[in-house]
2 protein chains.
Amino acid sequence: MPQTDDQIAATFAPHDHRECAHRVLDEAAERLADQGARLTPVRRRTLEILLESHRALGAYEVLDRLAAEGFGRQPPVAYRALEFLVQHGLAHRLQRLNAFAACLHPGHDHHPAFLICRSCHKVAEAAAAPVREALTHVAGQGGFRVERVTIEALGLCATCAAEDAPDSTA
Amino acid sequence: MPQTDDQIAATFAPHDHRECAHRVLDEAAERLADQGARLTPVRRRTLEILLESHRALGAYEVLDRLAAEGFGRQPPVAYRALEFLVQHGLAHRLQRLNAFAACLHPGHDHHPAFLICRSCHKVAEAAAAPVREALTHVAGQGGFRVERVTIEALGLCATCAAEDAPDSTA
DNA sequence: ACCCGGATGTAATAAAGTAACGCCTTGGCG
DNA sequence: CGCCAAGGCGTTACTTTATTACATCCGGGT
Ligand SMILES: [Zn+2]
Ligand SMILES: [Zn+2]
Ligand SMILES: [Zn+2]
Ligand SMILES: [Zn+2]
């Protein structure tokens, strides 16, 4: 399974995020090497940018960052890098947000459910298997064969709920 | 519950669609009257347009239709009518498609799961309760309180699967 | 050196969505 | 009736998101 309950809480709770980023980046490099895919500078930098926080970034936010660092400043630069990362399971696209987030569990279940906190805007990945199973069952009864699912939840994370404040971007 | 398994199959199978549309339109008018909301000409026509098929339409497709019939030809015309319908539970927005579909079960569960056939492009509404429950449970273990969910499945409907052809727009 | 495919970069354009404003109708009220 | 407030409709203008098309560059194989 992609992540335990602790990992959901860990995403939202304050933590040493450097460690998150390093771990994922290392795993990413390794996975790509296996697949014979190249982690070029733009791609690597794009992943690093996504990894800077647990928030999802729009393609144009990423593009601005890349452009500021000397990479191309046209939309395809960002879209291509992001698409590459998504295809190789290193990032996810959030439909509700038109945004992208680094995958924190590369190599595991690549179609997780997303939990989006409406207060801190962080995004956590949750195990989608049970959810997908329920959906596949319901659909199957109607003769529909599910191939891909999008599961995104909007809500309030434990950390924000504890603060009880209406907003916090910590 | 919003719909039975039969209703999923019914959506995808050939059927007298006039009947679908009439039934929903009547229910819609009734519901709006209860709520004191007005089903104005643009709004009514927008709903009728969505009801013409079980496919989801983009805002601009709807707009083109409205414009051709003498309504305004600027985006807000379509977006306002669509938003009104969504807010009153008469239509749904599909995140994956950036598109809208008439709700075929107004008055019931207003946050269904959507089953989108990749071949005929029809959209069916499935009972989301069990799915949402599974998600709420998983999220809850991580301390996340789910408030709204988006559940959309891409796949193949029974009718298209039976035809076994890779594509059919019937 | 030559060629090739993949990766970058660009310009240009499409598609989706929103803000802001004015006019007109509806419906309540003196 | 005349008046006003609210809501609905239409328009202009604009923002945000995403794609198409094409030139260039780089690395590896021959
Ligand atoms: Zn982290
Ligand atoms: Zn939060
Ligand atoms: Zn029908
Ligand atoms: Zn189908």
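Note on naming: letters A, B, ... go to the chains in the order of the sequence lines (proteins, then strands), and numbering restarts at 1 for each one. Side-chain atoms are counted along with the backbone in the values below, which use heavy atoms only and exclude waters and symmetry mates.
In terms of modelled atom types and a separation under 3.5 Å, the side chain of B:Thr159 and the main chain of B:Phe12 share a donor-acceptor contact. When atom types are taken as modelled, the side chain of A:His15 and the backbone of A:Ala10 share a donor-acceptor pair closer than 3.5 angstrom. Listed for the B:Glu152 side chain is a donor-acceptor partner under 3.5 Å among the backbone atoms of B:Arg96. At least one donor-acceptor pair closer than 3.5 Å links the side chain of A:His17 to the backbone N or O of A:Leu51.
Pairs engaging residues 33-52 of chain A under the side-chain hydrogen bond (donor to acceptor under 3.5 Å, both in side chains) rule: A:Arg44-A:Glu48, A:Arg45-A:Glu48, A:Arg45-A:Glu69, A:Glu52-A:Arg65 [sequence neighbours left out].
Taking the side chain as every heavy atom from C-beta outward, B:His105 and B:Pro112 never approach each other to under 4.5 Å. Within the 4.5 Å cutoff, the side chain of A:Leu63 has heavy atoms near those of the A:Val77 side chain. Counting heavy atoms from C-beta outward, A:His54 and A:Leu104 have side chains that approach closer than 4.5 Å. By the 4.5 Å heavy-atom criterion applied to side chains, A:Cys103 and A:Val24 are not counted as neighbours.
Across the protein-nucleic acid pair, A:Phe71 atom CZ and C:dA7 atom P stand 15 Å apart, rounded to whole Å. We find that CD of B:Gln95 is positioned 16 Å from C1' of C:dA15, with the value rounded to whole Å. In this structure, the CG atom of A:Asp64 is 14 Å from the C1' atom of D:dT15, given to the nearest Å. In this structure, CG of B:Leu63 is placed 15 Å from C1' of C:dA14, rounded to the nearest angstrom. Between A:Glu61 atom CD and D:dA18 atom P there is a gap of 12 Å when expressed in whole angstrom units. Going from atom CG of B:Asn98 over to atom C1' of D:dT17 covers 9 Å, rounded to whole Å. Distance, B:Leu57 CG to C:dA15 P: 16 Å, rounded to whole Å.
Each of B:Arg93 and A:Arg73 has a nearest nucleotide on DNA chain C; the 5'-most of these lies closest to A:Arg73.
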Tabulate protein N/O versus nucleotide N/O from nucleotides 24-30 of chain D, keeping only pairs under 3.5 Å, one per line.
none

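Only A:Val42, A:Arg43, listed by number, bring a heavy atom of residues 42-50 of chain A to less than 4.0 angstrom from any atom of DNA chain C. In the region residues 76-89 of chain A, proximity to DNA chain D at under 4.0 angstrom, judged on heavy atoms, holds for A:Pro76, A:Tyr79.
Between the side chain of A:Tyr60 and the base of D:dA18, at least one donor-acceptor pair of N or O atoms lies under 3.5 Å.
Put simply, B:Gln74 has no side-chain N or O that comes within less than 4.0 Å of OP1 or OP2 on D:dG10.
Comparing D:dG8, D:dA18, C:dT8 by their closest approach to the side chain of A:Thr40 singles out C:dT8.
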Only distances under 3.5 Å count here; give the side-chain donor-acceptor pairs of residues 82-90 of chain A to other protein atoms, sequence neighbours excluded, each with its distance to 0.1 Å.
| from | atom 1 | to | atom 2 | distance (Å) |
| --- | --- | --- | --- | --- |
| A:His88 | ND1 | A:Phe84 | O | 2.9 |

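Under the 4.5 angstrom side-chain criterion for Ile, Leu, Val, Met, Phe, Trp and Tyr, the cluster partners of A:Ile116 are A:Leu94, A:Leu97, A:Phe114, A:Val123, A:Leu154.
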